[in-house]
Each structure stands twice: as C-alpha cells, then as structure tokens.
Amino acid sequence: MGYDRDRLAALRAAMHRSVDELDRISPIDPAATSAARSVSTIRTTLRDRWLPVIDSILGCVALDGRSPVHLDSSDLRNAWLLEMQTLGWQVLADPIDLAEPFDPSDVTVGAVAALGSALAEGDLERLLDTPDELAWLTRVLRSVADDAVLLSTFRTAIGGDATWAAVLDHLGRARAAADQQTEWHPHDFARRDHLRSVDDAIGAVVEIYAAGPHGGHRAWVPTVVQLVEPYTAALLLQHLQMYRPLNATTLALICHQLLLRWFDAPIDANPWVDQYWGGDNTADVLFPLLSAQPAAAAAFLRRVAERPELVLVSAQHDRLVENLLLVGTSPENMNPDDAGRVLRSMIGYIRLPEANIRLARDGVTTSAHAILGSVIAPWLMQFGARADEWAWNADDGDEVLRWVLADADGAARLADATKQWQRRATTWQLIGDDGRIDDRALNDVATMFEQIDRAFRDAQIAAAAETLFWTNTAFWLAQTLASSLVEATPAAPIASSAISMVSTRVRSALEDQHVLASAAAVRADARATYHSRLMDTAVIAVIACVGTLIDNGMLPADALEPLDLTAGSAGSTRCTAEETGRRLRLFVASLEPDLDPLTYESLLLVTDVFAGPLVSRLLCE
Amino acid sequence: MPLAPDEAAELRHRARALRLVAAQLGACTVNDLPIRGGADTWIGPTPQLCLDDLTSLRRRLRQAQDDFVSAAVGLERRADVVDAAARAAALSPGILS
C-alpha cells in the first residue's frame, strides 16, 4: 500500500467532519426509521472501521506492525507504487494480502503512465515473467483501451516502435514456448489456459498499438513489423485483423516481406524463435490470414510466384498451403495469366528433385499431388485446349496433368474438386453473340474431356474416383448445353426457369440407355459397354438437350423414343464408340423437321463435337 | 366527533423537520469522501476497499436523503387529508349538529 501523507490526513479530517455532521442530525421522526438506520450505519462505518485504519497508518505504524516495505521492482504490478514512491509517497505492508496492488479495471492516468514507463525502461524478462503478471497486464490494457485519456497517456509513456517491438517480441517468445507446451501436453488444460492468456496479452497490446493516429491519405501500416521477429509480426497481424484490418494489398505486401526475411536468414544461425519451438511457425500463422481475405491471398501469390518455396516449404500443415493456393488462384480472384504464372511456378518447384530437403526452413509440403489435384481443377482447360493462356503448350500441360493423376490422392482430389471446376466453367462463353453455340469453345471443352479421360485411364486410378468425376462433369456439361439451347431460342424466358437437368423424362431416358445407372450392376454393364466416358458425355448431353426441349414444348413428347443405343451393340462389328456416335447423329437428324434451324444446328454441333467421326476415330484407334 | 385542527399542523411540522434532515444529508461531507479517498491519496488493496466502501456509503446516504423526503411528502399528504375532512365537516351542519 502506498499513500500521500498530507492527502491521507485530509481524508481523515473529512471523515471526522462527516461523523460530526451525522451526529448532529436531530432525533429522527418515526415516519423515517429505515432512513435513520442508514444514517447510523454510515456513521458507525466511518467511525469504527475506517478512521482506525487511517489513524494507524498515520500515527501508530510501529504498534500495528505496519512497517515500510521494499517493493519488488521485478513485478510489473508494482510499477505505479514505485513511481509514486519516487514522488514522496510512503509505502507500507497492506493488511489485505491481495496479489494485485490495485484493481486493473480502475486504473488512473498516473498508474497507466507508470506502467508504460516500466515497460519502456524496465527489464521485460523480469517484469512479465509470470502468468499472473500477464493476466494483470491484459486487464489493465483492456481498461486503457476503453478510455481515450488513458490510451493517449499509455501510448505516450511507451514511446516509439522500439518499446512496442520489445514488448511484442517478449510476448511472441512466450507464445512460442507456450504453444510447444500445449503440443507436448495436449490434454493439460493449465498449459492451454496459459497459451490463451499469452494470446490475450498479445491481443491487448495490439489493440492499444493499433489505436494509434488514424486518418491521412495513406493507408496505415504497422511499422513495428519491421522490428520484430517474423513470428511475432505474424501474431501481430493475426490480432490486428480484429482491431484494425489491413487492406488486401498491404497485408499481402507485409506477409511477403515477412516470409522473405524469415526464409532468407542464414539457416545455421537459427535466428527465429519459431524455428526451434515446436508449435505453429510464421507461415502457419500468416497463411490462414491471407486465405481469409481472397484478394490478399491472390496478391500474395502473385508476389511469391518467383519464390514458390515461400509457399511450399514454409507452413507445417499442408491444408494451409492448399487453402491458400485454392483461394488465391481461384478464377474469381486471379486471371488466367497470373494463375498460370503462379501455378506453373509451384508445379515446377514441386517437381524439382529433392527440392524440399534442400531448401526447407521449417515446414514441408508432403502431399503435393493432392494439393495440385484440388488447385488445378478450375484450370483444366489450360492444361490442354487453352494451354496458350498459361504460356506453355498442350504437351507440357498434358504431361503435368498425367503426373498429378498418376498419384491416387491427386486423382481423387481432382475428382472431388469438380464443383470448383464447374463454377469456373460457368464463366465460359458457349453461346456466341449471334445466338449460336460457339464451336471453338465447345471443341475446347470436348478436347479437355478427352484429355482427362485418357489421363484417367492411363493412370488406372480407382474406378470410384473416375466415375464420380465423369458423372459430375458430364452432367454439368449436359445441363449447361441444354440451358444454352433453350436460352438461345425465343422460348428462353419461359424455359430458363423450368430447366431441370434431371427431370424424370431425362433421367428415365438415360437409364434406358444404360448411361445413368439405376443400380450398381447396370453401372458396371454400362462401363463395359462404352469404351469412353467421352461417349457417355455425348449421350448425356444429347439426351439432356432433347429432354429439355421436350419439357419446354419445343419437341413432341415421344421425341426420345426412336433413340436406342443398346440394341445390337454387343454383336456389332463396329467399334462401340463409332456405332454410338452414328446412332446419335441419326437420331438428331431425325429431329430436324420438328426444330427451328438454329436449335437444330446447335444440337447437331453438340453431337458432332462429342460423338462425331473425329471422336470415333480417336476412340476406336 | 369534531376533528382537531392542530393535527394537520403537527403533521406539517414533522414533514418540515424531515425535509431539514434531508437537506443536511445533501450537504454532508460524506458526499466528498470518495473523491478524497481515491488513487491520488492512497493505492493498494486496503485503499481500494476503503474507496469502494466510501462510494457505497455515499450511495446509501443519497438513498436515505430520498427516503426522508418521501416520508415528508407522506406526512404532508396526510395533513392535506385532515384539512379536507375539516372543510367538509364545516360545510355539513347536519352532521355537526
């Protein structure tokens, strides 16, 4: 306990005066007995409880055993008392033995100034070396953050970035150690609580740091990141997102600079705290931040395109790398040129012999095939028909695609990623300005299908993954084409809302043709019957288109009945694909009298692209 | 039974006394104690406890002040009722006779 002798004497005098004033209250009317009891209690409390305490402090120190104490200067919580002691205050042992010399939620300007000065000038290793001190600091800073005057006082006392850096680095080191402890003892709640208390303390410091001057025409930049360890800076950015989120460009720039600094430091110098502690490292903290802000993820990946190792041999968890690449190179966030530059660089690095070992800093990507299987899904066209958009040729793309699919995980992830692929494909322009289906775009799609079909077959991957992929992609394509056909006609306004790829009619027709499996046995039979999923795609596309035209009243209800792709195929001397293509074209030709020329032409184009003579030759060689 | 005219005056006299007490409490130094007992004077667990107590005492004093005023108002209303009854009795000679 610390006190100013003169002021405490004045308080004692005021208490005596209060007691005297209350004594002078005349006998109370019986109509106000309750209020009278309150007056009596107030008087008794002052006279019998607090005046003796103050008397003992001011006059009878030795008798009451209240001797001056030596304040522990290594305890941050004593900073205020120490400061006041230098101003002439007396310090005594307090009869109430509490861990904290004052309530952190009731801090004053003086206390905050003393705290800031202690942090700026003191030895942080001693001042902040216990969990209690950390928790206390957090509570004080939360109070400071809520009060503009206290905030300003504290920031002034702290001074410039050097103190912020020292405090943050101290907490960063504590965090790294605590994180490792929780990894070693995952079921130890006390250690988890300690990690949380360190995180809370970092959050409280960052909140105050981020509350610096706002405004101006330039975006605010947390300049302290240049002075602290990359790991500490990553933690700061993590908390900053809660208090003062950075724009995507700034976040990407800072993350890039931090990872460069982290990665390029001499590895034998062991300079960074997260290198020798076992918890999350700098990249593990930064990647989720970037992934949460897609524009930042894309901007970051554009920056690191020439340094793929910053992504691939930095984070310790592959899911973080995958998520960053998925978000950052998504077609919604990155154009084909940049995606090609980034992903080709990543692919090239992954395929370097022993690259991971040679350049590893802390984390290593161990499931590159699987990651690429997911990441390239929206860009399959650029591995074949549109390879020029990625500044390579179709052979290069095909070779990489096969490399990805050669790995069971890579193929499975590519198959799983068809939703992303479909989302990307919805941006393709299959209908030209003149309302006709764009034969180049359609050919690109067909080429891509054919390329993937062959890659899948050559990789001999699990049938389940292949079937899933083809079922999903073929149905998506058929739906897109069917929609395109109907929307290209005058019936579009009515039709577009009524289109359903799997209408009963379409589903039934596909089951009749053994393309849409109604049971596992039928599916096996269908797979044996048709050599290529490309041909399945043709059948699905044609039936879906015709079914949609029927559903929209543009063809008679029995228009699908003449189509029979199953009868006689077993004994035919023709290649199945060739025979199927021929029957499809004959069927479509039979519809010409019932269709308007534009729709008929489009339907014929769909058939020819997927089941035309060229495809037959390709599949029957 | 005739009403005593002094009864209303007595009630009002008591009410005035209660209002006087309320005014004394409003001016009491107890109200200043939390300001005097803050962190500019002393800090520590005991000072914090004292400050909390002084703040509580001030709150209690103000509540007592309000209670005295309320009690005074109650007495004044009772006096008004007595006066009204006396006036009514004066206007009804049949009852008085």
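Treat the numbers as computed from the prediction; the structure is a model and nothing was measured. Proteins get letters first, then strands, A, B, ... in listed order; numbering begins at 1 in each.
- When each of A/Gln90, A/Met84, A/Arg17 is checked for heavy-atom pairs under 4.5 Å with chain B, A/Arg17 comes out on top.
- Nearest heavy atom pair, residue B/Asp40 against residue A/Trp89, reads O-CZ2, 3.3 Å.
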Side chain to side chain contact (heavy atoms under 4.5 Å, CB included) between A/Trp50 and B/Leu33, worked out: CA-CA 11 Å; A/Trp50 291 115; B/Leu33 293 180; over 6 Å; no

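- Remark: A/Ile54 CD1 to B/Trp42 CH2 distance equals 4.5 Å, nearest 0.5 Å.
- Both the backbone and the side chain of B/Ala39 come within less than 4.5 Å of a heavy atom in chain A.
- For CZ of B/Arg77, the number of neighbouring non-hydrogen atoms (other residues, nucleotides, ligands) closer than 6.0 Å is 12 at most.
- Counting only heavy atoms from C-beta outward, the side chains of B/Val21 and A/Asp29 never approach each other to under 4.5 Å.
- Residue with the most contacts toward chain A among B/Leu18, B/Ile35, B/Asn31: B/Leu18 (heavy-atom pairs, distance under 4.5 Å).
- At least one side-chain heavy atom of B/Leu54 sits less than 4.5 Å from a side-chain heavy atom of A/Met15.
- Interatomic distance, A/Ile25 CD1 to B/Gln24 CD, rounded to the nearest 0.5 Å: 4.0 Å.
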Residue pair A/Arg49, B/Leu49: steps toward the side chain to side chain contact (heavy atoms under 4.5 Å, CB included) verdict: CA-CA 11 Å; A/Arg49 183 174 187 189; B/Leu49 194 62; 3.7 Å; yes

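- Inspection of non-hydrogen atoms places no residue of residues 194-203 of chain A under 4.5 Å from chain B.
- Side-chain atoms of A/Leu8 and B/Thr41, non-hydrogen and from C-beta on, do get closer than 4.5 Å to each other.
- A 4.5 Å side-chain heavy-atom check between A/Val39 and B/Phe68 finds at least one atom pair inside the cut-off.
- Only the side chain of B/Leu75 comes within contact range of chain A, with at least one heavy atom under 4.5 Å from a heavy atom of that chain.
- Between B/Arg60 and A/Ser38, the closest heavy-atom pair is NE-OG, 3.5 Å.
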Let me see the working for A/Leu22 and B/Leu61 under side chain to side chain contact (heavy atoms under 4.5 Å, CB included), right down to the final yes or no. CA-CA 10 Å; A/Leu22 295 176; B/Leu61 187 82; 4.2 Å; yes

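- In terms of the salt bridge (Lys or Arg N to Asp or Glu O under 4.0 Å) criterion, B/Arg78 has no residue partners (sequence neighbours excluded).
- Checking side-chain atoms of B/Thr29 against main-chain N and O of A/Ser18 turns up no donor-acceptor pair under 3.5 Å.
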B/Thr46 and A/Ile57: CA distance, side-chain angles, deciding distance, side chain to side chain contact (heavy atoms under 4.5 Å, CB included) verdict: CA-CA 11 Å; B/Thr46 296; A/Ile57 293 171; 5.5 Å; no

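- Ranking B/Gly74, B/Ala64, B/Cys50, B/Ala71 against chain A, the residue ahead of the rest is B/Cys50, based on heavy-atom pairs under 4.5 Å.
- When each of B/Gln65, B/Arg58, B/Arg14, B/Gln63 is scored by its heavy-atom pairs under 4.5 Å with chain A, the top score falls to B/Arg14.
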